[in-house]
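These notes concern the structure reproduced below.
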Amino acid sequence: MSKFQKTNDFNEIVYGRRSIKVYDPTVKISREEMSEILEKASKAPSSINMQPWRFVVIDTEEGKETLAPLSRFNKEKVLSSSAVIAVFGDKKNFDYAEEIYSNAVELGYMPQEVKDAQINAFTPYYANMSEDVMKDTIMLDAGLVSMQLMLVARAYGYDTNPIGGYEKDQIAESFGLEKDRYIPIMLLTIGKAANEGFQSYRLPVDTITEWR
């Protein structure tokens, strides 16, 4: 159970989010609670439900010391946060297709004939998918889960900050992952803000939207 008040107020979740640069280093998030947050975030949609996202939760001092030199100008956020979630995309995500669809059938989410049709249709498609198409698909899906993760964390009373500036060519191997298999997406720092952070201006809907 979180020491912070969870909220179901959607406006608070969305409008209360801030860009956080410094966290309260005394605040810790239990692995049980972090698992809850990740489980809820993983309800995000993905292409044919392949869920290609993979998380490395860096919550130990040793882990942060490994990450800090790779985080460029984000070291303060990394070291003061409760944890850093490194989001990766698994290029071999279709290896889990049988498990995903078989469990969907068992749980009554999908009839057997639909599962068989899906597996038969998508197995050759994924086997012949180009590197560029695979990367584009993974980046889209991992972006969806990352934003959902930030919103879930906010609902649990925590603050986050997405980081794109880090040594992406080194991050996988530094944490024991296969560099050729796992695509680095972003780092997400999570914790309790040491200050209120700052708001940022958003373009109005009329500027970013066309109606046809």
Side-chain angles (χ1 to χ4, degrees), residues 2-38 40-42 44 53-89 139-140 142-175 177 182-204 207-208:
S2 171
K3 69 179 79 172
F4 302 110
Q5 183 69 39
K6 294 186 179 70
T7 179
N8 291 316
D9 183 338
F10 186 73
N11 283 333
E12 165 58 24
I13 292 171
V14 174
Y15 291 104
R17 198 189 71 77
R18 297 287 187 272
S19 180
I20 302 304
K21 305 303 181 186
V22 182
Y23 294 89
D24 180 348
T26 68
V27 173
K28 306 301 179 186
I29 303 175
S30 71
R31 292 189 174 186
E32 179 183 11
E33 186 175 31
M34 184 68 79
S35 294
E36 286 182 21
I37 291 171
L38 294 173
K40 290 179 172 64
S42 294
W53 44 76
R54 305 290 181 260
F55 306 116
V56 175
V57 181
I58 303 157
D59 62 354
T60 65
E61 292 306 312
E62 295 80 6
K64 289 182 184 179
E65 290 297 330
T66 298
L67 179 60
L70 307 179
S71 60
R72 297 181 184 172
F73 42 82
N74 297 292
K75 291 181 181 179
E76 188 174 12
K77 289 194 285 288
V78 165
L79 294 174
S80 66
S81 65
S82 299
V84 182
I85 304 168
V87 184
F88 291 89
M139 295 293 286
L140 173 62
L144 290 169
V145 81
S146 296
M147 187 69 249
Q148 183 140 312
L149 175 52
M150 296 172 75
L151 294 175
V152 173
R154 183 66 192 169
Y156 270 68
Y158 297 112
D159 301 291
T160 58
N161 190 282
I163 295 173
Y166 60 99
E167 305 299 340
K168 294 184 178 179
D169 60 333
Q170 301 175 46
I171 187 75
E173 289 179 308
S174 295
F175 289 95
L177 300 182
Y182 296 98
I183 300 172
I185 307 298
M186 69 178 72
L187 303 177
L188 286 174
T189 54
I190 180 171
K192 196 66 178 176
N195 52 49
E196 293 185 358
F198 60 89
Q199 292 181 298
S200 54
Y201 172 76
R202 291 296 187 267
L203 292 169
T207 302
I208 62 174

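Basis for what follows: all heavy atoms, side chains included, without hydrogens, waters or symmetry-related copies.
The minimum heavy-atom distance between Leu70 and Thr66, with the atom names listed, is CG-O, 3.9 Å. When all heavy atoms of Asp59 and Ala83 are compared, the pair lying nearest together is CB-CB, 3.9 Å. When all heavy atoms of Ser174 and Gln170 are compared, the closest pair comes out as OG-O, 2.8 Å. Between Ala86 and Ile58, the closest heavy-atom pair is CB-CD1, 4.4 Å. Closest non-hydrogen pair, Val145 versus Trp53, comes out as CB-CE3, 3.5 Å.
Lys21 meets the side chain to side chain contact (heavy atoms under 4.5 Å, CB included) test with Ser19, Lys77, Asn161, Phe198; sequence neighbours excluded. Qualifying side-chain hydrogen bond (donor to acceptor under 3.5 Å, both in side chains) partners for Asn195, counting only residues two or more places apart in sequence or in other chains: none. Taking Glu167 as the reference, Arg72 meet the salt bridge (Lys or Arg N to Asp or Glu O under 4.0 Å) condition, with sequence neighbours excluded.
Using a 4.5 Å heavy-atom cutoff, the side chains of Met186 and Ser146 are in contact. With a 4.5 Å cut-off on side-chain heavy atoms, Leu187 and Pro162 do not count as touching. Counting only heavy atoms from C-beta outward, the side chains of Tyr182 and Ile171 never approach each other to under 4.5 Å. Residues Val56 and Val87 are not in side-chain contact: their nearest non-hydrogen atoms beyond the backbone lie 4.5 Å or more apart. At a threshold of 4.5 Å between non-hydrogen side-chain atoms, the residues Ile163 and Leu188 do not count as touching. Contact check for Ile37 versus Tyr158: side-chain heavy atoms found under the 4.5 Å cut-off. Between Lys192 and Ser82, the closest side-chain pair of non-hydrogen atoms is not below 4.5 Å. Taking the side chain as every heavy atom from C-beta outward, Phe88 and Ile183 never approach each other to under 4.5 Å.
A side chain to side chain contact (heavy atoms under 4.5 Å, CB included) with Leu67 is found for exactly one of Asn74, Val78, Leu79, namely Val78. Among Leu149, Asp159, Ile190, Thr160, the one residue that satisfies the side chain to side chain contact (heavy atoms under 4.5 Å, CB included) test with Arg154 is Asp159.
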Take Ser81 and Lys64 through the side chain to side chain contact (heavy atoms under 4.5 Å, CB included) test and state the conclusion after the steps.
CA-CA 9 Å; Ser81 65; Lys64 289 182 184 179; 4.1 Å; yes
Can Ile29 and Tyr156 be said to form a side chain to side chain contact (heavy atoms under 4.5 Å, CB included), step by step?
CA-CA 11 Å; Ile29 303 175; Tyr156 270 68; over 6 Å; no
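Note that the CG atom of Leu151 and the NZ atom of Lys40 stand 14.0 Å from one another [nearest 0.5 Å]. Atom OG of Ser30 is separated from atom NZ of Lys28 by 12.5 Å, given to the nearest 0.5 angstrom. Rounded to the nearest 0.5 Å, atoms CG (Leu38) and CD (Gln148) are 11.5 Å apart.
Side-chain atoms of Tyr23 and Glu76 include no donor-acceptor pair closer than 3.5 Å.
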